Q: 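Okay, here's the structure, questions in a sec.
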Amino acid sequence: MPQTPPFSAMFDSSGYNRNLYQAAEAGCAGLCYHDNNLLSGSLEALIQHLVPNVDYYPDRTYIFTFLLSSRLFVHPYELMAKVCHLCVEHQRPSDPSSDKNQIRKIAPKILQLLTEWTETFPYDFRDERMMRNLKDLAHQIASGEETYRKNVHQMIQGLVRKLATLSQYEEVLAKISSTSTDRLTVLKTKPQSIQRDIITVCSDPYTLAQQLTHIELERLNYIGPEEFVQAFVQKDPLDNDKSCYSERKKTRNLEAYVEWFNRLSYLVATEICMPVKKKHRARMIEYFIDVARECFNIGNFNSLMAIISGMNMSPVSRLKKTWAKVKTAKFDVLEHQMDPSSNFYNYRTALRGAAQRSLTAHSSREKIVIPFFSLLIKDIYFLNEGCANRLPNGHVNFEKFWELAKQVSEFMTWKQVECPFERDRKILQYLLTVPVFSEDALYLASYESEGPENHIEKDRWKSLRSSLLGRV
């Protein structure tokens with residue numbers, strides 16, 4: 001039984017492998033090739049191309065690309081039903097005397113396909129219909145040989161474990177969001193003197209950058225590749241079934257990761273606006289500049305961008321007297337790296353450098369690449385919007401999906417990196433659960449620290465004091 005190779009093995013040095021092992025499928029009806037690259041095909045022909053037979057097993061890049069993109073045209077459970085039907089058909093021998101032999105040849109290939117599906121897209125199997133089909137087909141394979149029985153058992157156990165871990169993760173996320181409160185509410189009940197700030201919890205900016213990287217890698221790890229496609233699902237013109245369409249929009253882990261970015265930005269702004277004394281605020285800004293620099297060195301671009309976003313929020317950037325006490329040269333360098341002009345040219349160059357370092361890395365630390373996530377989603381969105389899913393002849397535009405799979409598979413290699421830093425529960429707890437200011441509370445804290453500068457700010461300050469503090 002061949003093992004599914006690690007994700008990075010899908011690439012050769014020149015990048016994504018589009019060439020398919022065409023073996024018995026070379027002239028398959030309904031598929032269009034150019035220079036041995038599959039460009040398009042009817043949905044039925046593409047499904048047939050996914051299913052192994054005695055002489056053929058699909059290329060791994062094709063399996064990933066088709067399973068990723070097919071959900072725009074057909075529900076995973078419907079695809080699974082079709083795959084099961086075709087597998088059973090292929091197992092039927094043309095010559096009754098070769099019965100056992102044929103099944104022995106094809107069973108490990110079907111098992112390998114199912115293993116790749118369960119390992120790369122495990123969340124598809126949260127659907128009971130998927131799980132039922134998987135178990136039925138696996139049972140048919142296992143009934144023939146003892147060896148297959150063991151492999152089938154391992155595959156299903158592995159899948160069940162993954163889904164159980166996902167459920168636990170979702171429970172933790174739900175618990176964190178249900179206990180989160182506004183920092184202002186806490187300040188009203190607790191005097192400021194016994195309020196902790198981030199420097200009292202973690203005085204070393206390098207350690208904080210490492211703990212942020214823990215959170216980033218954990219959250220990245222739970223995002224399924226299919227969520228990138230499901231985030232942009234639109235109606236397929238050839239799909240008449242409207243009722244179950246919304247089922248495909250399953251993107252909760254991707255959304256939780258975007259929420260984490262926003263939380264980190266607000267946490268940074270809160271920590272800077274909270275101190276009463278100017279020198280404490282300046283010290284906090286310098287602390288976060290050091291954290292951001294270390295995030296850059298680690299390859300954690302998402303935390304880096306969240307910290308810069310927090311420091312650029314209006315309630316923080318308007319604190320001119322505070323900023324006057326800060327040595328900003330290091331911050332200017334970071335802002336230059338993450339400058340959005342020329343479509344984030346500087347950041348993309350740094351990301352390529354980190355990705356290159358990751359490929360030749362000798363230690364887990366050098367393998368870390370955590371992309372600026374909102375930009376990754378935006379890139380995938382524009383790729384999706386820029387090309388039609390189907391060609392005028394009704395064929396699936398597979399050339400588009402090669403590109404999509406290439407972007408998503410790169411992310412897949414990055415999300416599988418083990419975090420090399422030691423966990424610090426106390427710091428992680430603080431980062432994930434400490435209350436943060438809302439936008440209004442941030443403005444109020446900012447005006448209380450450095451008074452309003454014009455009539456518009458004065459009016460806003462008065463209205464915030466009255467609504468948030470009950471004072472005029």
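Residues take their numbers from the sequence shown, with the count starting at 1. Quantities reported herein were computed from a predicted structural model and do not represent experimental measurements.
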Q: What pairs meet the salt bridge (charged side-chain N to carboxylate O under 4.0 Å, His left out) rule with one or both residues in residues 367-379, with sequence neighbours excluded?
A: Arg348-Asp379
Q: What pairs meet the side-chain hydrogen bond (donor to acceptor under 3.5 Å, both in side chains) rule with one or both residues in residues 201-213, with sequence neighbours excluded?
A: Asp204-Thr207, Thr213-Asn300
Q: For the residue pair Phe373 and Phe301, is the inter-centroid distance of their aromatic rings smaller than 6.0 Å?
A: no
Q: State whether the side chain of Asn346 and the backbone N or O of Asp339 hold a donor-acceptor pair below 3.5 Å, judged by distance alone.
A: no
Q: So does Glu448 pair up with Arg465, basic N to acidic O under 4.0 Å?
A: yes
Q: Could you tell me if Ser438 and Asp440 have a donor-acceptor pair between their side chains, going purely by distance under 3.5 Å?
A: no
Q: Hey, what do you get for OH (Tyr123) to CD (Glu227), rounding to the nearest 0.5 Å?
A: 7.0 Å
Q: So that I can tick it off, tell me whether Glu294 and Arg365 are bridged by a salt bridge, with the cut-off set at under 4.0 angstrom between side-chain N and carboxylate O.
A: yes
Q: Are the charged groups of Glu170 and Arg126 less than 4.0 angstrom apart, N to O?
A: yes
Q: If we count only N and O atoms by modelled type, under 3.5 Å, do the side chains of Tyr257 and Asn302 hold a donor and an acceptor together?
A: yes
Q: Do we get Arg460 above Tyr443's six-membered ring, with its NZ or CZ under 6.0 Å from the centre and within 45° of the axis?
A: yes
Q: Is Arg71 salt-bridged to Glu226, going by a charged N under 4.0 Å from an acidic O?
A: no
Q: Please name all residues satisfying side-chain contact (heavy atoms from CB on, under 4.5 Å) with Lys415, sequence neighbours left out, ordered by chain then number.
A: Leu220, Phe411, Met412
Q: Taking NZ, NE, NH1 and NH2 as the nitrogens, is one of them in Lys320 or Glu453 under 4.0 Å from a carboxylate oxygen of the other?
A: yes
Q: Going by atom types alone, do Thr120 and Glu116 pair a side-chain donor with an acceptor below 3.5 Å?
A: no
